[in-house]
Each structure stands twice: as C-alpha cells, then as structure tokens.
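Computed over heavy atoms, backbone and side chain alike; hydrogens, waters and symmetry mates excluded.
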Amino acid sequence: MESFLIKGGVPLHGEVAISGSKNAALPIMAATLLTDEPCILRRVPDLSDTRFMVKILESLGATARFEGGTLTIHARKIKGYADYDLVRKMRGSICIAGPLLARLKRARISLPGGCIIGARPINLHLKGFAALGAKIKIEGGYVEASVRKLTGNSVFLGGRAGPTVLGTANVMMAATLGEGVTVIESAACEPEVVDLANFLRAMGANIAGAGSPTITITGVAKLHGAEHEVIPDRIEAATFLIAAGATDGEVTLKGARGDHLRAVIDKLSEAGVAVERRGANLVARRKSRLKPADVTTMPYAGFPTDVQAQMMSLLALAPGISIITERIFESRFMHVSELARLGADIEIEGPSAIVKGGRPLSGAPVMASDLRASAALVIAALAAKGSTQVTRIYHLDRGYEGMDLKLRKLGARIERTEEQGA
Ligand code: EPU
C-alpha cells in the first residue's frame, strides 16, 4: 500500500489544471450502455474509479479504449448481470442499473451494501424504476429489475436527506428509452446531473429541466452514439482552493467552473480566503487572517458534502469556533479523529462538528478512511509544522488525478512512498 509523506509549512504557489469530474464521468460512462453504437468521451479523469467503471462495462460485454483522457466505449452487445465482486468495490457502479433496464428490459445487480460515510440505501432508485413499471425483486443480495415495456410516469425522488444524485441519474437514463413522458420531481440539481442530461441529449434523448428540481423526459425509440466532454471536477477545484487558503499561498485554477462553486467560494470568503476570476481562471489567496465560519452541507446549490472534510481542515486553522453540520451522510466524520492527531481540537455533537480553531497543527502519522477525508488530511498536513505520513492513499487515488504531482508543481514537499511493512 502507498502513502504520502508530506513536509508541511510551504505556501502553495502557481497554476494547477483541474481534471474532468469523477462524479460526472461515472454515470456518463454508464449511459454509453444505452446504445449499440460507439461513444467518445473526452476529459475523462484517469482514476482508479473510472478505470474500475471501464472494467465493469467490459464485464458486461462492452469494448473500451482509454488514452490521454479520451475514452471510447462500444456496447454493441451486452448482458444485464453485474457481479457482487465488481459492484461492492465501488458504490457509484449502481448507475449501470438504469441503462441496463432501459436497453435490455432486465438488470440483475448486486446490492452495493454500506460504506464508511453512511448507510447509502438505493430505495429511491428502485422507487423510480417501479414507477416506470419495473418489477423489483431482492434476493440473495441481488436486486433484479425487469419490465416488459418502461412507461412514462411522474415520480417524486426526494428522500430523508433531500434528492438523490445517482438515483436521479438512474431514473433519467431508464426513462430515455421508455414510452411516453416521465416527470422526476425533487430531482437532484447537481451540475453532474446536467452534464449527464447533455450527453443523453447528444445521444438523441429528449430531456428538459435538468439542473432544476423538475426534469421531464420524453421517451424515444432508440439512442445513438455521441461525443461529449466531461465538465471540470468542482470537488477537486474546491480542494485546491482550500489548500491555497490553508497554506497562505496563491493558486490559480485553470479550467475550473466558478459557477459550480458558488457555495464554496462564499464560505471561503467568510473564512478569509478570496477567490477571484481572472479571465478563464480562478485565483485563491487569503484576503485577511483566517476567520471561523459555520458550514452546513446541503444538496446543490448548497455547500457540498464532498467538500466538508477539506473545509474542516481549513477551519481548524482559523482562531475561534466553527460549527460544521453534515446533513447528507450521517457518519461522514471519520477524518475528525485523524485531524486530532495533527493537533486539531474538534468535538462531534450529533450531526455537527465543533471546531475550536487556531491551535497549531504539527505532523504525525495519520490514516485515510475515505476519499474526501484523505484530501482533508493532505490539506492539514500541508499546513502543519513537520512531517506527516498519510497512509492508505488508495482512497485518494479513487477521485484525485495525480494529486501529489499537482501539489508538487505548486511547491509542496510531498512524496509517494511504499508503506513500511505493507
Ligand atoms: N439516499 C436515500 N435513498 C436512496 C439514495 C440516497 O435515502 O435511494 C440518501 C443517502 O443515504 C444520502 C442522500 O440520500 O443521505 C444523498 O445521497 P445521493 O444518492 O445523492 O448520493 P449518491 O448519488 O450515491 C453522489 C456522489 C457522492 C456524493 C453524493 C452527494 C457519485 C458517484 N457519488 O452519491 O460522491 O457525496 O452524490 O452529493 O456521484 C465522493 O465523490 O466522494 C462521493 C461520495
């Protein structure tokens, strides 16, 4: 297993290019199953998660070529069965269910199971499929959905924590080849849903309202191959903006979408970090000393749960009390005890973390527990005095393309090493 060795205390300076979005790419890759013609996807980030999705698509019968960020997928003939061993490793793989059901009228997929950040049920995905006429059976750890003909309907996809991103994606994809009109109410408004809708439209789908809580899909008989460029990763971008503020540096983000980052930019400003647009770039630097801020994670356009951990590292450096409330995933606080090892003073009270910021951080060995928690530990380590070893960085490699290389270019002292004894 690999780890990062980080010598902290160096302000980050320079330019960083933002990669394509992981969470946009995964459902878009799944959508290529909807046609028997080849699709070409550009700006696909080279990550263990996207490589894994390629494996899943290949296991279903598709052929794929992935070179220099361009992925060509051809799902000429496919089967509708996805094995436990493949699905359990990546929860996002559930988004193959909608396309399989639409194309083959049958999908048998292992239930993804829980994950470290929360329970992650798929009841809303199944509710949507059932509304389109599918029969759902759960047996032996697998969910089996089958239908003679998918038929348009109106379905409300709001859950206990608000809309569901991949649930919206799944139902939208299934409805593209259904008969008649499907209306998804309380749909997720995330930019990744809009990007998927744009790709589906390029394939010939008839979709209106993506990006709003009401999405209308009018079924078509067939979808064709298409080309698409994936949107830049707003979570990677947010991570670099925060790292710039945490290290008191100045970082220019190339290719980031400021319009996808409004809630993050607003909170950063409150915390003393200015983000300015300069031409096509975003530039982040401190505008004052760091200040506390209260953050509550919410569905888009609110503050993203995927940036909560990284923001906590920044606020641990801001003198005063910040309250961070997690409203999307109940157990997404695994980073708190690791940040404490670096000297942060944070207490968990129900869904909130109370950050008593401003204590000096100093390097220590810490362990990554999930993707965004790993990024939070890297940010804290960059700001801490001394050396930090972050172990289990395979979590980070799932969602950040060449994070160590990008940080090194910005002046960080970061090395990828083989863990001792591993
Ligand atoms: N939920 C239900 N029932 C469902 C589905 C979801 O109750 O059927 C609940 C969840 O338990 C959660 C909330 O609804 O409380 C939102 O979950 P959502 O379904 O939106 O999450 P997701 O679609 O499975 C995607 C991202 C996550 C990101 C969330 C929220 C992908 C591949 N994953 O997951 O990304 O945190 O949306 O924005 O797009 C990450 O990149 O680190 C990551 C975890």
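Under a 3.5 Å cut-off, the side chain of Arg285 and the backbone N or O of Asp248 do not form any donor-acceptor pair. In this structure, the side chain of Arg286 engages the main chain of Ala246 through a donor-acceptor pair within 3.5 Å. A donor-acceptor pair is defined here as one N or O able to donate and one able to accept, closer than 3.5 Å; such a pair exists between the side chain of Arg103 and the backbone of Thr35. Distance alone, capped at 3.5 Å, is enough to place a donor-acceptor pair between the Glu326 side chain and the Ile328 backbone. In this structure, Thr391 contributes its side chain and Val366 its backbone to a donor-acceptor pair below 3.5 Å. Looking at Thr50, its side chain does come within 3.5 Å of a backbone N or O of Pro45 through a donor-acceptor pair. Looking at Lys385, its side chain never comes within 3.5 Å of a backbone N or O of Gly8 through a donor-acceptor pair. The backbone N or O of Thr72 sits nowhere less than 3.5 Å from a side-chain atom of Arg65 that would complete a donor-acceptor pair. Asp294 places no side-chain N or O within 3.5 Å of a backbone atom of Ser322 that could act as its donor or acceptor partner. Remark: the backbone N or O of Pro299 is not paired with any side-chain donor or acceptor of Glu190 at under 3.5 angstrom.
Side chains of Asp195 and His228: a donor on one and an acceptor on the other come within 3.5 Å. Using modelled atom types and a 3.5 Å distance limit, the side chains of Asp370 and His395 yield no donor-acceptor pair. For the residue pair Tyr400 and Arg372, a side-chain donor N or O sits within less than 3.5 Å of a side-chain acceptor on the partner. For the residue pair Ser19 and Glu401, a side-chain donor N or O sits within less than 3.5 Å of a side-chain acceptor on the partner.
Heavy-atom neighbours of Lys79 NZ from other residues, nucleotides or ligands within 6.0 Å: above the threshold of 12. Annotation: Arg201, atom CZ; neighbour count of heavy atoms from other residues, nucleotides and ligands within 6.0 Å is above 12. For Arg277, the CZ atom counts as densely surrounded, since its 6.0 Å shell holds more than 12 non-hydrogen atoms of other residues, nucleotides or ligands. Within 6.0 Å of NZ on Lys7 lie no more than 12 heavy atoms contributed by other residues, nucleotides or ligands. No more than 12 heavy atoms of other residues, nucleotides or ligands sit less than 6.0 Å from atom CZ of Arg289. At most 12 heavy atoms of other shown residues, nucleotides or ligands fall within 6.0 angstrom of atom CZ in Arg76.
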Indicate every side-chain donor-acceptor pair of residues 332-340 with a distance under 3.5 Å to a residue at least two apart or in another chain.
| from | atom 1 | to | atom 2 | distance (Å) |
| --- | --- | --- | --- | --- |
| Arg332 | NH1 | Thr305 | O | 3.4 |
| Arg332 | NH1 | Thr305 | OG1 | 2.8 |
| Arg332 | NH1 | Asp306 | OD1 | 2.7 |
| Arg332 | NH2 | Asp306 | OD1 | 3.1 |
| His335 | NE2 | Gln308 | OE1 | 2.9 |
| Glu338 | OE1 | Met367 | N | 2.7 |

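The existence of a salt bridge linking Glu58 and Lys55 is excluded, since no basic side-chain nitrogen approaches an acidic carboxylate oxygen closer than 4.0 Å. Taking the charged nitrogens against the carboxylate oxygens, Glu15 and Lys409 have no contact shorter than 4.0 Å, which rules out a salt bridge. Salt-bridge annotation for Asp49 and Arg398: present, with a side-chain N of the basic residue lying under 4.0 Å from a carboxylate O of the acidic one. Using a cut-off of 4.0 Å between Lys/Arg side-chain N and Asp/Glu carboxylate O, Lys22 and Asp233 are scored as not salt-bridged. A salt bridge is absent between Glu2 and Arg392; no separation between the charged side-chain nitrogens and carboxylate oxygens falls under 4.0 Å. Of the charged side-chain nitrogens involved, at least one lies within less than 4.0 Å of a carboxylate oxygen, so that Glu192 and Arg234 count as a salt-bridged pair.
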Begin with the C-alpha distance, continue with both residues' side-chain angles, and end with the deciding distance and a verdict on salt bridge (charged side-chain N to carboxylate O under 4.0 Å, His left out) for Glu185 and Lys127. CA-CA 13 Å; Glu185 299 282 5; Lys127 179 183 174 185; over 6 Å; no

Intermediate values then yes/no, salt bridge (charged side-chain N to carboxylate O under 4.0 Å, His left out), Glu227 and Arg42: CA-CA 8 Å; Glu227 280 195 45; Arg42 304 192 195 284; 2.5 Å; yes

Does the pair Arg359 and Asp345 meet the rule for a salt bridge (charged side-chain N to carboxylate O under 4.0 Å, His left out), with working shown? CA-CA 7 Å; Arg359 288 232 205 147; Asp345 186 350; 3.2 Å; yes

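The two atoms that bring Pro319 and Leu290 nearest to each other are CD-O, 3.5 Å, heavy atoms only. Annotation for Ala188 and Val165: closest pair CB-CA, 3.7 Å, computed over non-hydrogen atoms.
Ring planes of His260 and Tyr300: perpendicular class, angle over 60° (limits at 30 and 60°).
Contact annotation: the side chain of Val183 never approaches that of Ile215 to less than 4.5 Å [non-hydrogen atoms, C-beta and beyond]. In this structure the side chain of Glu250 reaches within 4.5 angstrom of the side chain of Val283, judged on heavy atoms. Cys189 is listed as a side-chain neighbour of Pro213, based on a closest heavy-atom distance under 4.5 Å.
Cation-pi geometry between Arg108 and Tyr81 is not satisfied (NZ or CZ under 6.0 Å from the ring centre, within 45° of the ring normal).
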